[in-house]
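A quick write-up on the structure given underneath.
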There are 2 protein chains.
Amino acid sequence: VVALKDVHKSYRAGDTELRVLEGIDLVIEPGEFVAIAGPSGSGKSTICNLLALLDNPNRGSVYFNDQNVEELGDRELSLLRNHHIGIVFQGFNLVQVLTAHENVMLPMEIGNTPVDKASSEAYRLLKEVGLEGFEHQRPQQLSGGQQQRVALARALATNPRLVVADEPTANLDTKTAMQIIDLMRNLNRDHGVSFVFATHDERLLQRVSRIIRLLDGLIVEDTMQEAA
Amino acid sequence: VVALKDVHKSYRAGDTELRVLEGIDLVIEPGEFVAIAGPSGSGKSTICNLLALLDNPNRGSVYFNDQNVEELGDRELSLLRNHHIGIVFQGFNLVQVLTAHENVMLPMEIGNTPVDKASSEAYRLLKEVGLEGFEHQRPQQLSGGQQQRVALARALATNPRLVVADEPTANLDTKTAMQIIDLMRNLNRDHGVSFVFATHDERLLQRVSRIIRLLDGLIVEDTMQEAA
Ligand SMILES: Nc1ncnc2c1ncn2[C@@H]1O[C@H](COP(=O)(O)OP(=O)(O)OP(=O)(O)O)[C@@H](O)[C@H]1O
Ligand SMILES: Nc1ncnc2c1ncn2[C@@H]1O[C@H](COP(=O)(O)OP(=O)(O)OP(=O)(O)O)[C@@H](O)[C@H]1O
Ligand SMILES: [Mg+2]
Ligand SMILES: [Mg+2]
């Protein structure tokens, strides 16, 4: 569903160049439930941004459904992202002036879903992530873990084929984290939604079926496992 | 060093009232290394804000060094916080337009430390949290876990007596998290700095000497343990 071919990414700061990704080859098939693990600063968020088509590599190519995304115009790319990809950012990135319910509706409205349908779907998703009763709070009135769950509900709003979630359980206690992982596991099994997580959280790492380990800008391990 | 006496905290949203803390009694002695655990939304961050003197309870009192903080004027309170309390926020709250180095210097400059001393201390602290080489990056040029560590370095900048850290390891891989926990454990043992963590992270919970559990706005457990 998404693939990186010999992808390099570096940042320039003045005249120094920081090489973050040094040649990444990575294929995510439909229906996968994969984690990308690695030390702080190793490039997990950078890979998430590339997989979610939010950023471009300096070298190498990104493919979505076997098409090189460089061939797509801005508008096509934007539509594709809105319809097919859900992203949970490490810092949540919720719109501060909108309520939780409005935040979750946003991608659906951008995708031209009728308002009444978007509204009931947003209520349903917020209930699914355990936030019934909090729909009309704004982000600063929500706890860290509650904001994290609004961000997940928003990522699921347009029924995407691929969800890229950067540390989706970092701010959750174990009981809530397990409920959230169950929710994602069910969407994966019953609806074939592909999930790619950037995470260091053992509770999530134990429940994925494939772990990709990053170190010094390269993939050093890519193994299948029996999900717990 | 800090204590909450029968503290109640609630938020009003329209005509509904959300009761978050329902009567909390909590004493933190000098030199303690304590964790506050509990489900997402249970009130951990709310307690952190009260302990760090950033917020006031609706009922009940907060004492710092045995003095009721209500007796302090705004200016006194502000000086006390700057000199004696370091806080790590769940969302980091770094100043986006300043570099990591400048962010760490900020509390020292506010406290009238000479610039050259503040500058070398900031470099030292950033090295201690593993960020040597990243001192001149701004927050958006840093990974989530790197930002988290800048926030910790900033909290330690004025040699505070009490550090209140809200989920300080949530965005860190295990190796880095252990280094950070070691750093805090050493400051605690060798310099008597009191640490209060709000966390659900098992890796940190195993290394504190006391765990306070929150549920439905009340403390349901307060036990000493052998730190790992
Ligand atoms: N805009 C930028 N300019 C310069 N350097 C950057 C920029 N964005 C990220 N970096 C650097 O790229 C490296 C990788 O960052 P990335 O956010 O992908 O790491 P990560 O694996 O997600 O880390 P964490 O686990 O701490 O979230 C880091 O060393 C970071 O400092
Ligand atoms: N300004 C506010 N207005 C209304 N409700 C608020 C406000 N701030 C926090 N709350 C509510 O207070 C409750 C406790 O929030 P708090 O941030 O202390 O929880 P927490 O234990 O830190 O959660 P987490 O583990 O998710 O970070 C939550 O249900 C939250 O929605
Ligand atoms: Mg990251
Ligand atoms: Mg919190």
Side-chain angles (χ1 to χ4, degrees), chain A residues 11-14 16 18 20 36-46 48 89-94 96 99 129-131 133-149 166-167 169-177 179-180 198-203 205 213-215, chain B residues 11-14 16 18 20 36-46 48 89-94 96 99 129-131 133-149 166-167 169-177 179-180 198-203 205 213-215:
Chain A
Y11 293 105
R12 191 147 295 137
T16 46
L18 179 74
V20 180
I36 298 173
S40 172
S42 57
K44 300 182 294 299
S45 295
T46 302
C48 285
F89 295 92
Q90 190 165 9
F92 320 146
N93 290 22
L94 298 177
Q96 297 296 318
T99 64
V129 298
L131 291 179
F134 292 93
E135 300 91 344
H136 304 296
Q137 313 260 63
R138 291 191 171 74
Q140 74 263 26
Q141 297 169 317
L142 294 172
S143 77
Q146 290 167 342
Q147 291 180 41
Q148 186 146 45
R149 286 179 276 159
D166 199 345
E167 301 286 2
T169 55
N171 286 281
L172 302 176
D173 59 284
T174 297
K175 180 155 173 270
T176 311
Q179 288 165 354
I180 291 304
T199 188
H200 65 265
D201 189 344
E202 275 301 320
R203 305 169 302 185
L205 287 172
R213 289 199 182 274
L214 263 191
L215 192 63
Chain B
Y11 294 105
R12 190 148 294 137
T16 46
L18 179 75
V20 180
I36 300 173
S40 172
S42 56
K44 300 182 296 296
S45 295
T46 303
C48 284
F89 294 93
Q90 190 166 8
F92 321 144
N93 290 23
L94 298 176
Q96 297 295 319
T99 64
V129 297
L131 292 178
F134 291 94
E135 301 90 345
H136 304 295
Q137 313 260 63
R138 291 193 170 74
Q140 74 263 25
Q141 297 170 317
L142 294 172
S143 78
Q146 290 167 342
Q147 292 179 41
Q148 186 147 45
R149 287 179 276 161
D166 198 347
E167 302 284 3
T169 55
N171 286 282
L172 302 176
D173 58 286
T174 297
K175 179 155 173 272
T176 311
Q179 288 165 356
I180 291 304
T199 187
H200 64 265
D201 189 343
E202 275 302 321
R203 305 169 301 186
L205 288 172
R213 290 199 180 275
L214 262 191
L215 192 63

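Chain naming here is simple, since letters A, B, ... match the order of the sequence lines and numbering starts at 1 in each.
- Note: A/S40 leads A/S40, A/G133, A/S45 in heavy-atom pairs under 4.5 Å with chain B.
- If you tally non-hydrogen atom pairs under 4.5 Å between each of A/G144, A/A177, A/A170 and chain B, the highest count goes to A/A170.
- Considering every non-hydrogen atom in both B/K44 and B/I36, the closest pair reads CD-O, 3.6 Å.
- Interface remark: A/T16 contributes no atoms to any contact with chain B (heavy atom separation under 4.5 Å).
- Between chain B and the options A/G43, A/G41, A/P39, the largest number of non-hydrogen pairs under 4.5 Å is found for A/P39.
- Of the charged side-chain nitrogens involved, none lies within less than 4.0 Å of a carboxylate oxygen, so that B/D173 and B/K175 do not count as a salt-bridged pair.
- Closest approach of B/A37 and B/L205 over heavy atoms only: CB-CD2, 4.2 Å.
- Side-chain contact between A/Q141 and B/Y11 is absent, with no heavy atoms from C-beta onward closer than 4.5 Å.
- Contacts between A/Q137 and chain B at a heavy-atom distance below 4.5 Å involve the side chain alone, from C-beta outward.
- Residue contact with chain A, scored on non-hydrogen atoms closer than 4.5 Å, involves the backbone of B/T169 exclusively.
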task: Apply side chain to side chain contact (heavy atoms under 4.5 Å, CB included) to the pair B/L131 and B/Q146, showing each step before the final yes or no.
output: CA-CA 7 Å; B/L131 292 178; B/Q146 290 167 342; 3.7 Å; yes

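- Remark: the backbone N or O of A/L142 is paired with a side-chain donor or acceptor of A/Q147 at under 3.5 angstrom.
- Heavy-atom distances place the side chain of A/T176, and not its backbone, under 4.5 Å from chain B.
- Using a 4.5 Å cut-off between heavy atoms, B/E167 contacts chain A through its side chain alone, with no backbone atom that close.
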